[in-house]
2 protein chains.
Amino acid sequence: MTRKKVKLCYIANDSTRKVTFKKRKKDLLKKVSELSILCGIDACAIVYSPYNNQPDVWPSHHEVQRIVSQFQRMPEMEQSSWMVDQDRFLRQRIVKSNDQLIKQRKDSREK
Amino acid sequence: MTRKKVKLCYIANDSTRKVTFKKRKKDLLKKVSELSILCGIDACAIVYSPYNNQPDVWPSHHEVQRIVSQFQRMPEMEQSSWMVDQDRFLRQRIVKSNDQLIKQRKDSREK
DNA sequence: TTTTCTATTTATAATGT
DNA sequence: TACATTATAAATAGAAA
């Protein structure tokens, strides 16, 4: 993208790929942060890599958990708006169950 | 950032904020995609907004589910390596519980 | 309102140390 | 190997349509 318009495909060279990863990951997380602040919205990113056992995330691990569970409460089917009014009872059970999990994790941390 | 070095804080004006959101969200998801392709890694992003009921995500909803469940199986406490060997039973219960939730959702979809 | 334009800032690939 | 520099590509804020 500079000195040469890079082709968007897997970087074969190990050290080049690592350097690119580190730089782009940093800038990506910065962008997530900026979007969230500028627009006052919830956003998160999770980036796995062979260089860390743990993924790099934005914002904190804890906040990602919150946003992710919000995401998981809205099953894929709702997107296409089939079953929207059906199955309400079951979805409520899922939400409740998720809340319990979150509480469980919280308790576990505090222990 | 151009014509003026914008201050990194909540954009008060509604229409400006919406325009900025749409542009930056598009570019953010593009960046996630590029990082993933260039470096051959798993990454995902979830962006909520008041403009859509559903969050904007990258990659597909289904892939985000996969990455997110990978994330959730690695509790926060493991990061700081306190309680790593403690509390194993409880964590297993959480994982199991989570698996049940996923199965529940799957069943719900298939119903 | 939303889209297009563009001056300027930001990101970044290659190179240097 | 990792960090600093720099020339160029990409993103973008504000204005104009």
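Proteins get letters first, then strands, A, B, ... in listed order; numbering begins at 1 in each. Every value quoted in this text rests on a predicted model; they were computed, and no experiment measured them.
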State whether [X] places a side-chain N or O below 4.0 Å from either non-bridging phosphate oxygen (OP1 or OP2) of [N].
{"X": "B/Lys31", "N": "D/dA10", "result": "no"}
{"X": "A/Thr16", "N": "C/dA14", "result": "no"}
{"X": "A/Arg24", "N": "C/dA11", "result": "no"}
{"X": "A/Lys26", "N": "C/dT12", "result": "no"}
{"X": "A/Ser15", "N": "D/dT1", "result": "no"}
{"X": "B/Lys4", "N": "D/dA13", "result": "no"}

Which atom pairs link the protein and nucleotides 2-6 of chain D when you take only N or O atoms and keep those under 3.5 Å?
| unit_1 | atom_1 | unit_2 | atom_2 | d |
| --- | --- | --- | --- | --- |
| D/dT6 | O2 | A/Arg3 | NH2 | 2.5 |

| Closest approach of A/Val64 to A/Cys44 (non-hydrogen atoms, all atoms of both residues) |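 Closest approach of A/Val64 to A/Cys44: CG2-CB, 4.0 Å.
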| Contacts of type side-chain hydrogen bond (donor to acceptor under 3.5 Å, both in side chains), residue A/Tyr10, not counting sequence neighbours |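 side-chain hydrogen bond (donor to acceptor under 3.5 Å, both in side chains) check on A/Tyr10 returns A/Arg17.
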| field | A/Thr16: side-chain hydrogen bond (donor to acceptor under 3.5 Å, both in side chains) partners, not counting sequence neighbours | value |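 Here the qualifying residues are A/Asn13.
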| message | Using a 4.0 Å heavy-atom cut-off, does A/Lys30 contact any base of the nucleic acid, only the sugar-phosphate backbone, or nothing at all? | response |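 Sugar-phosphate, no base atom in range.
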Roughly how many Å is it from [atom1] in [X] to [atom2] in [N], rounded to a whole number?
{"X": "B/Leu38", "N": "C/dA11", "atom1": "CG", "atom2": "P", "result": "17 Å"}
{"X": "A/Arg17", "N": "C/dT12", "atom1": "CZ", "atom2": "P", "result": "18 Å"}
{"X": "B/Leu35", "N": "C/dT12", "atom1": "CG", "atom2": "C1'", "result": "13 Å"}
{"X": "B/Phe21", "N": "D/dT12", "atom1": "CZ", "atom2": "C1'", "result": "16 Å"}
{"X": "A/Leu28", "N": "C/dT10", "atom1": "CG", "atom2": "P", "result": "18 Å"}
{"X": "A/Ile11", "N": "C/dT12", "atom1": "CD1", "atom2": "C1'", "result": "11 Å"}

| For B/Tyr48, which residues count as a ring-ring contact (aromatic ring centres under 6.0 Å, His included) partner, sequence neighbours excluded? |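 Testing B/Tyr48 for ring-ring contact (aromatic ring centres under 6.0 Å, His included), a comparison that skips the adjacent residues, returns none.
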| Among A/Lys7, A/Lys31, A/Arg24, salt bridge (charged side-chain N to carboxylate O under 4.0 Å, His left out) partner for B/Glu34 |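 Only one option passes, and that is A/Arg24.
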| request: Would you list the pairs meeting salt bridge (Lys or Arg N to Asp or Glu O under 4.0 Å) in which at least one residue belongs to residues 48-65 of chain B, sequence neighbours left out? | output: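 Every salt bridge (Lys or Arg N to Asp or Glu O under 4.0 Å) pair that includes a residue of residues 48-65 of chain B, provided the two are not neighbours, is B/Lys25-B/Asp56, B/Glu63-B/Arg66.
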| task | Check which hydrophobic residues are tied to B/Leu35 through side-chain heavy-atom contacts below 4.5 Å, counting indirect links as well, and list them. | result |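 For the cluster that includes B/Leu35, the remaining residues are A/Phe21, A/Leu28, A/Leu29, A/Val32, A/Leu35, A/Ile41, A/Val47, A/Tyr51, A/Trp58, B/Phe21, B/Leu28, B/Leu29, B/Val32, B/Ile41, B/Val47, B/Tyr51, B/Trp58.
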| Which nucleotide sits closest to the side chain of A/Asp27: C/dA11, C/dA13, D/dA11? |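 Closest of the options to the side chain of A/Asp27: C/dA11.
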